[in-house]
Amino acid sequence: MNDEVNERVREVIADIPRGRVLTYGDVAARAGVTSARIVGRILATDGADLPRRFLPS
């Protein structure tokens with residue numbers, strides 16, 4: 001996975017306010033990623049330390 005894409009996705013997820021949730025598709029759109037599946041893959045491989053404030057698309 002591209003490090004730049006990984007970092008953008010991680011930043012979007014880290015910025016989700018407490019009490020709010022986004023779908024993988026929402027995260028992808030905000031990070032400029034073409035697919036919600038990319039977000040899911042990033043979270044599966046490198047997202048253990050991120051808050052769980054998102055829902056699968």
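Remember, predicted model here, so these are calculated numbers, not experimental data. Because only heavy atoms are used, hydrogens play no part in the values below, and waters and symmetry mates are left out as well, while side chains stay in.
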* Asked: For the side chain of D26 and the backbone of T23, is there at least one donor-acceptor N/O pair under 3.5 Å apart?
  -> yes
* Structure fact -> One should read off an interatomic distance between T45 OG1 and R41 CZ, to the nearest 0.5 angstrom, of 8.0 Å
* Under 4.5 Å between any side-chain heavy atoms of R30 and L22, yes or no? -> yes
* Could you tell me the separation between the CG atom of N6 and the CD1 atom of I42, rounded to the nearest 0.5 Å? => 5.0 Å
* Asked: Quick one: side-chain contact (heavy atoms from CB on, under 4.5 Å) partners of R8, sequence neighbours excluded?
  -> E4, V5, A31, V33
* Structure fact -> Closest non-hydrogen atoms of A36 and G25, given as atom of the first, atom of the second and distance, are CB-N, 3.7 Å
* For the residue pair Y24 and I38, establish whether any side-chain heavy-atom pair is separated by less than 4.5 Å. => no
* Pair listing, salt bridge (charged side-chain N to carboxylate O under 4.0 Å, His left out) test, anchored in residues 42-51, at least two apart -> R10-D46, R10-D49
* Identify the two heavy atoms, one from A28 and one from S35, that lie closest to each other, and give their separation to 0.1 Å. => CB-O, 3.8 Å
* Asked: Between V9 and V27, is a side chain to side chain contact (heavy atoms under 4.5 Å, CB included) present by the stated rule, with each step listed?
  -> CA-CA 7 Å; V9 168; V27 172; 4.1 Å; yes
